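Presented below is the structure to which this report refers.
Numbers for residues simply follow the sequence, beginning at 1. In this text the structure is predicted, and so the values were computed from the model without any measurement.
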Amino acid sequence: MDNMQITPNSMAEQFVRLYGREPEYIWRAPGRVNLIGDHTDYQGGLALPIALPYATWVASRTRSDQDIHVATDYHQEQLVLPYAKRRALVASATTLSGLTGFLSATWEITKCAMGADLWIATDVPVASGLSSSAALSLALLATAYSLNHQDFEPMAIIRQAQEVENVYLGVSSGPSIIRAAEQYQPMTHAEQQALMATADRYASPFGEFSHP
């Protein structure tokens, strides 16, 4: 967002500028970095990831149709993903890619029947080894569940975020950290956590700290 700090208020304000109405949900999922264990987490080895202060945010509101309209801070033009195209992409059994791939996969996994207006902003550097794709998957999964008025378990979307990358996008990646998606409604304090993770156990608490 033009090097400005992303906050719940800035997300809501930009959403109103884009769509002329308030968002229903705002979700935040942080990037992460492995202190140890790069490329071992998805091969049965140990890893020690920590959450970063950088994060991907998604503000959303349901639409009257089943299409998804998306604006992001890294594309100038809005993306429109019609329901029919989304279903065709998933049914094609080919590897998905790009933002349409993430949207199609997360809506399919959550069985979300809702269309949505979305505003996505991130300060996680892309393609830098800081799990920007995992953060996007987690934030979109939490958003889709919320729009569909479904509860979800943290461990469930951790596995599902890995499924988005491994199965739908064809990327080898390990599990994301627990408590990686936080809802801001109203604004809450964001905790950082360090976790010891294994590929078969996914994640278990190892410790935590607060980022100032």
Side-chain angles (χ1 to χ4, degrees), residues 1-2 4-31 51 54-87 89-90 98-124 132-158 160-161 163-164 176 178-191:
M1 292 186 66
D2 300 327
M4 295 179 62
Q5 183 181 11
I6 306 174
T7 67
N9 286 340
S10 70
M11 290 294 296
E13 289 168 1
Q14 181 63 10
F15 191 93
V16 171
R17 282 193 287 268
L18 289 165
Y19 299 110
R21 52 187 188 151
E22 295 281 345
E24 291 176 299
Y25 304 100
I26 298 175
W27 283 95
R28 172 190 181 275
Y54 312 113
T56 294
W57 299 67
V58 179
S60 64
R61 190 176 184 95
T62 54
R63 293 177 53 85
S64 58
D65 56 29
Q66 292 183 295
D67 298 341
I68 302 175
H69 290 227
V70 189
T72 74
D73 63 350
Y74 47 91
H75 288 298
Q76 292 185 351
E77 296 183 0
Q78 288 193 30
L79 167 71
V80 178
L81 181 59
Y83 172 78
K85 181 178 180 180
R86 190 170 78 242
R87 296 297 304 138
L89 284 171
V90 172
L99 184 55
T100 57
F102 280 96
L103 291 166
S104 299
T106 52
W107 253 245
E108 175 68 15
I109 287 172
T110 59
K111 305 302 180 186
C112 183
M114 301 294 183
D117 289 329
L118 305 178
W119 162 237
I120 303 174
T122 186
D123 54 11
V124 182
S132 58
S133 57
L136 178 60
S137 295
L138 284 162
L140 287 175
L141 285 165
T143 295
Y145 276 121
S146 298
L147 292 170
N148 220 29
H149 305 293
Q150 291 179 267
D151 294 328
F152 61 86
E153 294 294 329
M155 288 302 298
I157 66 167
I158 288 169
Q160 289 169 348
E163 182 182 354
V164 169
S176 303
I178 196 168
R179 293 185 63 189
E182 298 168 320
Q183 186 177 10
Y184 283 81
Q185 197 183 36
M187 181 177 175
T188 60
H189 174 69
E191 286 186 331

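For the residue pair T62/E24, the side-chain donor-acceptor check at 3.5 Å is satisfied.
Here the shortest heavy-atom pairing between S10 and Q5 reads OG-O, 3.9 Å. Of all heavy-atom pairs between A135 and T56, the closest is CB-OG1, 3.8 Å. Smallest separation of non-hydrogen atoms from A161 and L141: N-CD1, 3.5 Å. Taking both residues in full, the closest heavy atoms of W27 and A139 are given as CB-O, 4.2 Å, listed atom of the first, atom of the second, then distance. Considering all non-hydrogen atoms of both residues, A59 and I26 come closest at CB-CG1, 4.0 Å. Contact detail for W107 and M114: the closest heavy-atom pair is NE1-O, 2.9 Å.
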Test L81 against V70 for side chain to side chain contact (heavy atoms under 4.5 Å, CB included), laying out the working first. CA-CA 8 Å; L81 181 59; V70 189; 6.0 Å; no
Quick one: do Y145 and Q160 satisfy side chain to side chain contact (heavy atoms under 4.5 Å, CB included)? Show the steps, please. CA-CA 12 Å; Y145 276 121; Q160 289 169 348; 2.9 Å; yes
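Atom OG1 in T7 sits 7.0 Å away from atom CD in E13 (nearest 0.5 Å). Taken from CZ in R61 to CG in L147, the straight-line distance is 10.5 Å, to the nearest 0.5 Å. Remark: W119 CH2 to R17 CZ distance equals 9.0 Å, nearest 0.5 Å. Atom OG1 in T143 sits 8.0 Å away from atom CD1 in I120 (nearest 0.5 Å).
By the ring-ring contact (aromatic ring centres under 6.0 Å, His included) test, F15 pairs with Y19, sequence neighbours left out. With sequence neighbours excluded, no residue forms a side-chain hydrogen bond (donor to acceptor under 3.5 Å, both in side chains) with T72. Every residue was checked against the side-chain hydrogen bond (donor to acceptor under 3.5 Å, both in side chains) condition with Q78, not counting sequence neighbours, and none meets it. With sequence neighbours left out, the side-chain contact (heavy atoms from CB on, under 4.5 Å) criterion links D67 to D65, H69, P82, Y83. Annotation: side-chain contact (heavy atoms from CB on, under 4.5 Å) contacts of A156 (sequence neighbours excluded): E153. Residues that satisfy the side-chain hydrogen bond (donor to acceptor under 3.5 Å, both in side chains) test with T106, not counting sequence neighbours, are absent from this structure. Applying the side-chain hydrogen bond (donor to acceptor under 3.5 Å, both in side chains) criterion to N148, with sequence neighbours excluded, gives Q150. Y54 meets the ring-ring contact (aromatic ring centres under 6.0 Å, His included) test with no other residue; sequence neighbours excluded.
Looking only at distances, a side-chain donor or acceptor of S104 sits under 3.5 Å from a matching main-chain atom of T100. The closest donor-acceptor contact from the side chain of Q66 to the backbone of A113 lies under 3.5 Å.
Using cut-offs of 30° and 60° on the angle between ring planes, the pair Y25 and H149 is perpendicular.
Of the candidates L138, I109, L140, V164, L138 is the only one forming a side chain to side chain contact (heavy atoms under 4.5 Å, CB included) with I157.
Residue pairs satisfying the salt bridge (charged side-chain N to carboxylate O under 4.0 Å, His left out) criterion with at least one member in residues 134-143, sequence neighbours excluded, are absent. Applying the salt bridge (charged side-chain N to carboxylate O under 4.0 Å, His left out) test to residues at least two apart or on different chains, the pairs with a partner in residues 109-120 are R21-D117, R63-D117, E108-K111.
Using a 4.5 Å heavy-atom cutoff, the side chains of L136 and V124 are not in contact.
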